[in-house]
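Below is one structure, written out as structure tokens, with a few remarks after it.
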Amino acid sequence: MLEAEFHDGEVTWFQGGMLNVAFNCLDRHLPEKAEDTAIIWEADEPSESRHITYRELKWEAARLGNVLKNLGVRKGDRVIIYLPMIPELAYAMLACARIGAVHSVVFAGFSATSLRDRVLDCGATVVITANEGRRGGKAIPLKAIVDDAVTGIDSVKSVLVAKRTATEVPMHFGRDIWLEEAMLNERGTCPCEWMSAEDPLFILYTSGSTGKPKGLLHTQAGYLLYASLTHKIVFDYHPGDIYACVADVGWITGHSYIIYGPLCNGATTLMFESTPLYPNPGRYWDLVERHRVNSFYTSPTAIRSLAREGNEWVKKYDRSSLRILGTVGEPINPEAWKWYFDVVGEGKCPVVDTWWQTETGGIMVTPLPGVTALKPGSATLPFFGVSLSVTDENGNCMQGNGIAGHLCIERPWPGMARTIHGDHKRFREMYFVQYKGKYFTGDGCRRDEDGYYWITGRVDDVINVAGHRLGTAEIESSLAGNHLVAEAAVVGIPHEIKGTAIFAFIVPQKEAERMTREELMGALKEHVRHDISPIASPEQVLSVPALPKTRSGKIMRRILSKIAVGNYTELGNVTTLQDPAVVEQIIAEHKKLG
Ligand code: WTA
């Protein structure tokens, strides 16, 4: 079943087995569940929602599968999906899975440049998008972004465009096709391509500590098994339950716990197009009331931003259907946990704080509802089969409880990513080299006296802003790419709502000298927003005369992290710096922020 050289990042599960993921998520349920709701789509406007049955979902996925085949997409070919949270997103993923194509969903908040990088990296032949997206009452010009992104990329032969709004968009003759029209001509049957257990299912890009985002590759059988098993157990899923994960499918949470896990379990899963604050801060609880939601899964940032709006927004709505509350994406502070438990769940619903990553494919550390005694702020204990270790900086495995160090995983698990698309060497070096024989998560943690795990956050050069992973290197290279900037270094600072925010130190070019601090900050925030995504835009930008560097030229972020929060006294050893006087100059500039 398992064959692995874990120390080398070589892992296979269920070799020799054949399956089709779309068959398991759709066709397999039809004899009993054809008329059951597979997806509840909750649109941006609360007045609009739709129920899609398993029969319809299979039909749509099959038609879209045929469209892709007509465009020449074959087993193993890559398809980029750049769609908002509309049902077509689910159709597209399942269509790819059905015909054996490898999808790569790109979060519809990413810029043209980010999208372009991903299209090029995976060599996609088809991009699926929409004319526009809708979010929080605003329109997002997705088709225009795609046009920008794919210009001049020869590998992209076709762009399929779903019609989310009535807005007209220019269509590129010979390349662009209206999705709906293409699907109308197709039949609702499409044979499943039988796949080997270890054939690729999807690529999902995520930020690492170095370089550009990397395309983590997940395969078929192990991923599906792990996503569905954890969904069933962690959310205690029973037939008839209404399950709602309000993440975006552009992230791994949406892949595993909106689409693949729940659909494999024959569940009713909700897709939410809007935001927690639209049209008002009662939106989540309004949808819980209207759809009689039993399990609800969101992020600590959303919880904190709602707690701030007051309890009335929660109390107004009937939440008696709720049984389990989940959270994911970043450490949850005990105050936010308690608010979720006491106010939203009225003390009756266990909170499952689930720790996992794009790389792990599914939940790794979590309480089991009704089984594990909870502690606010702790993800508690490993899921069964998961073996963790806490390692000190020298790579020694720390024994016993009441310890803190780096979180590692000791053994392969079925849901783990198998490689980085096109760069297996990087995969090995990122995760398996640092701590010999173990998978290194990049997170720090504490194991308390009871053996409970408390994730303390990233220990590498990744910043987790509002549950979104961003590499410092990515943001720095974006800033340095602006004509106003000579050099940049970014660090994370604590933020009341987002958990962590980005603080950027820049050495300006001469041209920036004529600008006020506000003008420069505005220009650079806008630059990153446009270059990567609004989520990567810095909270603060500070101009400094130079950055603190070691004699070998390495930026000492440790020092900048302290200065960024106004801690000027505990900077540690600064004697190894090329020019220790720089530190005083940076402090002087930071003090001016007030
Ligand atoms: C963080 C999201 C604390 C962690 C599923 C991890 C968490 C990164 C938790 C992965 C949690 C996720 N408690 N931290 N419950 N869940 N994280 O790949 O730093 O987007 O390494 O996957 O988010 O983020 P990713």
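Every number for a ligand or one of its atoms is a count from 1 in the order of the listing.
- Every residue two or more places apart in sequence or in another chain that forms a side-chain contact (heavy atoms from CB on, under 4.5 Å) with Val565 is listed here: Ile493, Pro494, Asn567.
- Nearest-residue assignment for atom 5 (C) of ligand 1 (options Trp251, Trp454, Trp356; heavy-atom criterion): Trp356.
- By the 3.5 Å distance cut-off applied to N or O atoms, Thr327 is not counted among the residues near ligand 1.
- Phe110 and Phe107 have perpendicular rings, their planes meeting at more than 60° on a 0 to 90° scale where under 30° would count as parallel.
- Ring geometry for Tyr223 versus Phe202: interplanar angle over 60°, hence perpendicular rather than tilted (30 to 60°).
- The aromatic rings of His231 and Tyr243 stand perpendicular to each other, their planes meeting at an angle above 60°, with 30° marking the opposite boundary.
- Among Gly326, Gly329, Ser256, the residue whose heavy atom sits closest to atom 17 (N) of ligand 1 is Gly329.
- Judged by distance alone, the side chain of Thr354 and the main-chain N or O of Thr327 form a donor-acceptor pair under 3.5 Å.
- Neither the backbone nor the side chain of Val365 has any atom closer than 4.0 Å to an atom of ligand 1 (non-hydrogen atoms only).
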Sequence neighbours left out, cut at 3.5 Å: what donor-acceptor pairs do the side chains of residues 408-415 make with other protein atoms?
unit_1	atom_1	unit_2	atom_2	d
Glu410	OE2	Ser389	OG	2.7
Glu410	OE2	Lys438	NZ	2.8
Trp413	NE1	Thr360	O	3.0

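- Taking only nitrogen or oxygen atoms, main chain and side chain alike, Glu359 does not reach within less than 3.5 Å of ligand 1.
- Listed by number with element, the atoms of ligand 1 under 4.0 angstrom from any heavy atom of Thr354 are 9 (C), 11 (C), 15 (N), 16 (N).
- Both the sub-6.0 Å distance and the 45° axial angle are not jointly satisfied by Arg319 relative to the ring of Trp285.
- Looking at atom 18 (O) of ligand 1, its nearest protein heavy atom turns out to be Thr358 OG1, 2.5 Å.
- Here Glu330 has backbone heavy atoms under 4.0 Å from ligand 1, and that is the only part of it that gets that close.
- When non-hydrogen atoms are compared, ligand 1 lies under 4.0 Å from the backbone of Pro331 as well as from its side chain.
- By the 3.5 Å distance cut-off applied to N or O atoms, Thr206 is not counted among the residues near ligand 1.
- Nearest non-hydrogen protein atom to atom 24 (O) of ligand 1 is Arg469 CD, 3.2 Å.
- Close approach of ligand 1 to Thr253 is summarised as follows: ligand atoms under 4.0 Å from at least one heavy atom of the residue are 5 (C).
- The two residues Cys445 and Tyr453 come nearest to each other via the heavy atoms SG-CD2, 4.0 Å.
- Using a 4.0 Å cut-off between charged nitrogen and carboxylate oxygen, Asp423 and Lys214 do not count as a salt-bridge pair.
- For atom 19 (O) of ligand 1, the closest heavy atom belonging to the protein is Asp443 OD1, 2.7 Å.
- Taking the centre of each ring, Tyr226 and Trp356 stay at or above the 6.0 Å mark.
- Between Thr441 and ligand 1, not a single N/O pair is under 3.5 Å apart.
- The residue Ile332 has no part lying near ligand 1, judged by heavy-atom distances below 4.0 Å.
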